[in-house]
Amino acid sequence: MSDGATIDGNEVLIVIDVQNDFCPGGALAVPRGDEIVPIVNRLAARFRHVVLTQDWHPRGHFSFASSHRGKKPFESLAAPYGPQVLWPDHCVQGMPGAAFHPELDIPHAALVLRKGMEPTIDSYSAFYENDRKTPTGLVGYLRERSLNRVFIAGLAFDFCVRYSAEDARREGFAVFVIEDACRGIDVDGSVGATRASLAGLGVSCISALATA
Ligand SMILES: [Zn+2]
């Protein structure tokens with residue numbers, strides 16, 4: 001296929017944070033986030049190798065606005081590692097909001113990678129925490145299994161999908177973001193900024209149909 005998105009064995013689909021709290025009715029709902037669930041299920045069925053990520057914070061996590069006196073959700077804070085958007089409490093370890101969406105159906109996923117567990121640092125990316133230095137181990141997992149073409153879907157397009165795609169590209173993987181299998185939050189133009197950043201790094205934004 002001309003766009004290089006044909007699936008032939010060394011690809012991995014990384015499904016980012018399809019969890020209750022990021023879907024309508026959840027604590028940090030991504031608008032229409034639940035729409036991607038059937039798309040992701042169909043997509044995943046075509047991949048031999050699938051990794052699921054799960055945002056998984058301890059109570060009182062640094063990224064929660066409620067952890068900072070006088071701060072409201074969606075305000076920003078200067079963290080030691082750079083600006084950090086503050087969020088409503090979400091995806092607390094073991095709580096129903098942190099569970100995968102009940103209709104997510106990917107029984108052959110080999111790895112569930114949890115992130116955001118360090119109390120004082122957020123982790124948007126599946127590869128590095130927000131200091132962009134502390135690894136989750138996923139680069140090693142993919143390299144050891146010779147999975148060098150990374151397809152990414154999930155929530156939210158302009159945060160965890162974006163950071164994951166950027167880190168994967170910087171690590172030298174070929175990266176495809178399946179944009180119709182993502183939904184964004186769009187805080188202060190973050191969806192447009194994401195498209196520009198991904199294009200600048202050579203990350204292809206494709207549709208689920210392009211992987212058929
Ligand atoms: Zn989080």
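These numbers come from a predicted model, not from an experiment. Order of listing sets the numbers, starting from 1, for every ligand and every atom in it. Because only heavy atoms are used, hydrogens play no part in the values below, and waters and symmetry mates are left out as well, while side chains stay in. Numbers here simply count residues along the sequence, with the first being 1.
A donor-acceptor pair under 3.5 Å links the side-chain atoms of Ser190 to the main chain of Val187, judged by distance alone. Looking at Thr136, its side chain does come within 3.5 Å of a backbone N or O of Ala126 through a donor-acceptor pair.
With waters left out, the protein N, O or S atoms under 2.8 Å from the Zn ion (ligand 1) add up to 3.
Within the 6.0 Å centre-distance limit, the rings of Phe64 and His90 are counted as a close aromatic pair. Proximity of the aromatic rings of Trp87 and Phe62 is defined here by a centroid distance below 6.0 angstrom, and this criterion is not met.
A cation-pi contact links Arg143 to Phe173, judged by a cut-off of 6.0 Å to the six-membered ring centre and 45° from its axis. Judged by the 6.0 Å distance and 45° axis criteria, Arg46 is not positioned over the aromatic ring of Phe151.
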